[in-house]
Amino acid sequence: MRNLWAALFVFLFATGCTNVKTEDVNLIPLPAELTMLNGQFVLNADAKIYYAQPELAVAATYLQEHILKQTGFSLSVVEGADAGKNISLLLNSELGEKDQYALTVNDKGVCLEGSNPRGVILGIQTIRQLLPQSNTEGKSSIGMQAMIVKDEPAWEWRGMMMDDARHFFDKEEVKRFLDMMALYKFNKFHWHLTDDQGWRVEIKKYPLLTENGAWRTYNKHDRTCMKYAKNEHNPDYELPEKRLRPVENDTIVEYGGFYTQEDIREVIAYAADRGIDVIPEVDMPGHFSAAIKVYPELACFNQASWGRTFSAPICPGKDATLQFCKDVYAEIFELFPYPYIHMGADEVEKDNWLKCPNCKARIKKEKLKDEKELQSWFVKEMKAFFDGNGKKLIGWDEIIEGGLPEGAVVMFWRPWAPTAVDVATSKHSEVILTPNSHYYFDFKQDDQTLFRVYDFDPVPEGLTDEQKKYILGVQANSWAEYIPSYQRLEYMVMPRMAALSEVAWNYSKREEWNKFYQRLIPHFSRWDVMKINYRPLDLKGSYLNNAFIGSTEVTWNNPLPNISIYYTTDGSIPTKESTLYTGPFTINETTDFTLRFYRPDGTAADIIKMSYRKEEYRSADKPENVEQGLALAWHEGIARKCEEIEKLPLKQNYVVDGIVVPEDVNRKRGLIYSGYIKIDKDGVYTFTLGSDDGSMLYVGDDVVVDNDGPHGPVTISGQKALAAGYQPITLYYFDMNNGGFISLKVLDSDGNEIELSGDRLWHTPH
Ligand code: ACM
Ligand code: ZN
């Protein structure tokens with residue numbers, strides 16, 4: 001039968017010139033090879049799903065379920081070969097050794113071949129995206145565009161992490177998450193099951209871990225979430241009732257939840273049916289205080305406590321502690337069938353180890369140099385236990401400090417430890433890339449975020465081809481301190497996850513951003529049907545802070561046809577009773593808008609504040625003795641707000657030809673750029689300021705962009721009406737951990753970018 005398909009392929013290829021373009025099908029991620037053909041396969045309820053090998057029974061049923069959901073057609077599933085106008089699934093090992101698949105759609109039917117069952121599941125996701133998400137009109141047949149797809153992933157590891165410790169998501173929510181992952185061809189579900197704030201996995205030998213360790217009274221994250229829920233009328237931030245339990249005769253409410261081992265098995269099976277491996281993380285030796293709280297003897301001084309920044313870790317000096325860790329992992333190994341298991345090992349505050357007699361004795365006995373080597377010794381101990389059980393240990397990139405255990409897998413997350421990937425791959429350790437600068441999906445989103453995820457090259461420069469072989473792939477992490485509900489999790493990951501899927505699947509063959517953006521738009525309607533609580537796309541060409549002279553037209557270009565915008569001008573939170581935006585309108589006074597985007601099901605996105613300020617052109621200064629370039633002062637130290645920068649000791653003065661960071665400026669940076677920007681003509685200028693961490697831009701005494709505070713990458717724009725001449729600017733920027741960057745883009749009133757260098761920038765020398 002394979003020959004028949006091959007013959008058909010040749011025939012169609014020869015005659016297959018077609019007007020249909022690849023972008024007409026909006027597949028995400030885009031297949032490696034996609035050839036559009038003339039014609040279509042007309043799918044109706046009479047079609048059957050054939051599967052050629054018994055290993056594909058699960059895939060056939062999975063496809064059947066989704067066709068039913070998406071079209072209403074209840075297809076029968078038949079083991080055996082295709083017999084006409086049908087869908088057939090088969091294995092073809094000749095496709096390769098990765099999870100490849102080949103899909104042919106023509107007027108005769110749909111043939112999906114996979115190199116293995118995983119390949120077939122991946123191809124099913126493509127079929128799902130070729131079908132509508134729902135058949136609300138009740139059509140009796142649906143046309144599928146004819147095409148040939150040959151596809152394979154760029155990377156073996158296409159991961160998403162869920163943090164259940166900070167806030168708990170129940171197993172039905174986990175399944176919804178897995179469904180989203182599957183649709184976008186992710187295949188590794190990293191499950192962060194334990195941390196200071198809660199222990200979520202049942203361990204039979206230590207029942208208190210979940211009986212008590214899974215519960216807590218409200219913590220500061222809970223309280224912040226509740227405050228957002230209230231102040232911003234945002235139900236996404238509410239702590240779900242189902243996570244609360246009254247204790248002590250109803251006098252106290254506790255938050256929590258956990259998975260029984262039975263739940264875990266159910267989730268693993270559900271994930272497997274969707275081609276997804278489940279990788280648990282039981283984070284140790286730090287981030288362990290949920291367990292220490294119930295088994296205090298695990299810690300150096302027999303109590304849970306906090307150090308300067310992180311919680312006090314377990315005591316690697318006590319043999320009983322090591323045994324406890326191994327007992328826990330023994331049950332984890334039993335539960336999770338895949339080779340990779342994550343042991344965390346990030347952010348360990350080691351102060352107690354320097355004071356603890358048991359730790360000191362361990363350091364002495366094992367001839368270790370210091371507490372860093374003690375951590376490394378602990379990781380090696382655990383690694384030996386993993387090895388003995390046939391498991392591969394993954395650790396966060398801190399496992400490199402004090403000596404990387406041979407063969408341990410490194411999960412890179414700290415751009416401020418930039419040599420980690422080089423060191424790990426040169427030692428032939430596998431590496432997974434999850435840099436927090438781009439792939440931490442708990443970080444706030446703005447109008448640049450999606451582009452930054454899509455466009456970013458996660459592979460550090462300078463690796464040899466040999467080193468690159470050790471890069472397994474990419475992953476996004478969504479830490480849940482401020483994600484108290486499942487719908488909030490969806491809001492944080494969608495649409496970013498779709499953008500990441502292109503990196504994970506296509507990496508070096510990604511299309512240009514605009515093409516992806518166009519393909520993405522129809523996916524929002526899909527998510528409407530799937531009831532995914534996505535973050536809508538940003539308005540195109542709008543800024544949060546606008547300036548105008550006289551009067552201006554307010555135009556909000558919403559790229560999503562399914563979203564309605566309601567707004568207020570009195571500062572109140574918009575509801576569906578507020579004014580509906582129906583088209584451009586004119587204002588002639590300063591106006592502050594509060595906008596809220598509503599999805600078709602009536603749920604709302606986060607509020608957006610937009611101001612339109614009526615201004616006069618700011619007169620230019622007339623400085624004397626100016627010289628080219630901006631003055632830059634580097635204040636060395638750690639600031640948390642721009643106003644703190646000047647209080648740090650001045651380290652060095654520079655003159656710079658642009659908003660750049662001189663090479664010798666180290667990670668402890670507070671930078672102040674000052675001088676003049678030379679403006680050619682009167683107009684309203686747009687300043688787009690991006691930074692990680694905070695930044696502030698002033699023109700004269702006026703704040704034009706406030707991007708202050710410690711944060712990940714955030715880009716904010718502001719406008720200012722400026723007269724021609726020398727306009728004084730001051731730009732503050734600080735970075736707390738060297739993951740950071742600063743960028744400033746200026747547009748004139750015609751929307752043309754002004755090059756910020758050369759005779760644009762001036763300063764008065766001291
Ligand atoms: C991490 O974000 N602490 C891995
Ligand atoms: Zn100790």
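Just so it is clear, the values below take in all heavy atoms, side chains as well, and ignore hydrogens, waters and symmetry mates. Counting starts at 1 for both ligands and their atoms, following the listed order.
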For Val201, does its backbone N or O pair with a side-chain atom of Trp199 as donor and acceptor, under 3.5 Å?
yes

Using the test side-chain hydrogen bond (donor to acceptor under 3.5 Å, both in side chains), find all partners of Glu461 that sit at least two apart in sequence or belong to another chain.
none

At the Zn ion (ligand 2), what angle lies between atom SG of Cys300 and atom SG of Cys359, rounded to 10 degrees?
110°

With rounding to 10 degrees, Cys356 SG, the Zn ion (ligand 2) and Cys315 SG define an angle of 110°

Residue among Trp396, Phe386, Phe336, Trp191 satisfying ring pair (Phe, Tyr, Trp, His ring centres under 6.0 Å) with His342:
Trp396

Tyr255/His167 under ring pair (Phe, Tyr, Trp, His ring centres under 6.0 Å): CA gap, chis, key distance, verdict:
CA-CA 9 Å; Tyr255 173 94; His167 284 106; 5.3 Å; yes

Sorted by chain and residue number, the residues with a non-hydrogen atom under 4.0 Å of ligand 1 are Asp346, Glu347, Trp396, Trp413, Tyr440, Trp479

May I ask you to say whether Arg166 pairs ionically with Glu481, meaning some side-chain N is under 4.0 Å from a carboxylate O?
yes

If you take the centroid of each ring, where Trp contributes its six-membered ring, are Tyr206 and Phe324 closer together than 6.0 Å?
yes

Does NZ or CZ of Arg274 lie under 6.0 Å from the centre of the six-membered ring of Tyr270, at an angle within 45° of the ring axis?
yes

